[in-house]
Number of protein chains: 2
Amino acid sequence: MIKNDIALAIEKNSEFNRAKSLLIVESILKSLKAALEKNQKVEIRGFGSFRVVDKKTGFGRDIRRKKQIKIEKGKRIKFRSGQELKNTLVRK
Amino acid sequence: MIKNDIALAIEKNSEFNRAKSLLIVESILKSLKAALEKNQKVEIRGFGSFRVVDKKTGFGRDIRRKKQIKIEKGKRIKFRSGQELKNTLVRK
DNA sequence: AAGGGCGATGTCGTTCTTGATCATCTGAAT
DNA sequence: ATTCAGATGATCAAGAACGACATCGCCCTT
């Protein structure tokens, strides 16, 4: 499933055309990014939640040079699926 | 940020009212769930991707009885943030 | 219609998260 | 205003995540 498929879903559940649906998708993504940039968590009941967490891993591995790599500290996006979403998967 | 905030974002970038915006959000979530239930990956360029992966962890812990618990195998949702999203976080 | 550029994959070893459970508390959703 | 999903914490061990890079796949924009 890609962006266009999501726009299709909107199209089906509304009277908007594809172009307008895509704009909606973009605006949503934009707002999500904005929130995450501000270190805000995004919580969608019944689906899941996004959170910004500190990157703690201190070492990586350069497979070519076969030596350790220092990993700069930073941020990560962590997604946790909600119970409802988990259940639907279990049933499958 | 919660569902209502997302609806707000749609409201700002369109001529739809809050109720309609919420319906759009719901339809999107619904389609996302449907795709994941079918083990389909959801890929949003510039944002990130969701994938359904097999749960391999085989043990949990019952804190009360202090003993291991067998974990039934199942599925998990894995989210990976895209390059663009990572960059915006790094800048922060 | 088609190429460009982002995402997926595999690799490595160390560090860190995951995962079930239950009670309690916060707060999202209706 | 009410309800109930989600976060938290404690627990241990095994599996996953982490960065860099090349290659392949394919989404997205032209």
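Residue numbers begin at 1 in each chain, while the letters A, B, ... track the order of the sequences.
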request  = Have a look at B:Gly46 and say if it touches a base, only the backbone sugar-phosphate, or nothing, with a 4.0 Å heavy-atom cut-off.
outcome  = sugar-phosphate
Contact check, side chains of B:Ile44 and A:Ile6, non-hydrogen atoms, under 4.5 Å: yes
Respond yes when some side-chain nitrogen or oxygen of B:Arg80 is under 4.0 Å from OP1 or OP2 of D:dA17, and no when none is. no
Margin query: Looking at A:Arg51, I'd like to know whether one of its side-chain N or O atoms comes within less than 4.0 Å of OP1 or OP2 on D:dG6.
Written below: no
#### Entry: Distance below 4.0 Å between A:Lys78 side-chain N/O and C:dC16 OP1 or OP2
no
Let me check something: do A:Leu29 and A:Leu22 share a hydrophobic cluster, defined by ILVMFWY side-chain heavy atoms less than 4.5 Å apart, either directly or through other members?
no
- prompt: When we call it a touch if two heavy atoms are under 4.0 Å apart, what does A:Lys70 touch: a base, just sugar-phosphate, or nothing?
  reply: nothing
Between A:Ile2 and B:Asp62, the residue closer to the 5' end of DNA chain D by nearest nucleotide is B:Asp62
> So, does the side chain of B:Arg45 form a donor-acceptor pair with the base of C:dC6 at under 3.5 Å?
Replying inline: yes
### Query
Are any of the side-chain heavy atoms of B:Lys12 and A:Ser31 separated by less than 4.5 Å?
no
*asked:* Does this structure show an ion pair linking B:Lys20 with B:Glu15, if we count only N-O contacts that are shorter than 4.0 Å?
replied: no
To the nearest angstrom, the CG-P distance between B:Asp5 and C:dA28 comes to 9 Å
Rounded to whole Å, the CD-C1' distance (B:Glu72 to C:dT18) equals 17 Å
Rounded to whole Å, the CZ-P distance (B:Arg61 to D:dT11) equals 10 Å
* Asked: At under 4.0 Å, does any side-chain N or O of A:Arg64 touch on OP1 or OP2 of D:dA22?
  -> yes
Would you call the rings of B:Phe50 and A:Phe79 parallel, tilted or perpendicular, taking 30° and 60° as the class edges?
perpendicular
Of A:Ile44 and B:Gln68, the one whose closest nucleotide on DNA chain D sits nearer the 5' end is A:Ile44
Whole-Å distance, B:Leu23 CG to C:dT30 P, equals 11 Å
Rounded to whole Å, the CZ-P distance (B:Arg65 to C:dG19) equals 22 Å
Taken to the nearest whole Å, CG/B:Asp54 to P/C:dT18 is 18 Å
Here the distance between atom P of D:dA17 and atom CD1 of A:Ile69, to the nearest Å, is 19 Å
Salt-bridge criterion met for B:Arg45 and B:Glu43 (N-O under 4.0 Å): yes
Open item on the list: Regarding B:Ile63, tell me which of base, sugar-phosphate or nothing describes its non-hydrogen contacts under 4.0 Å with the strands shown.
Closed with: base
>> Does a side-chain N or O of A:Lys41 approach OP1 or OP2 of C:dT26 to a distance below 4.0 Å, or not?
In response: no
Judged by nearest nucleotide, the residue sitting upstream toward the 5' end of DNA chain C, A:Glu43 or B:Gln83, is B:Gln83
*Ignoring backbone atoms, establish whether A:Ser49 has a side-chain N or O less than 4.0 Å from OP1 or OP2 of D:dG6.*
no
Rounded to whole Å, the CZ-P distance (B:Arg18 to C:dT30) equals 14 Å
Is B:Lys3 touching bases, backbone alone, or none of the nucleic acid, heavy atoms closer than 4.0 Å? sugar-phosphate
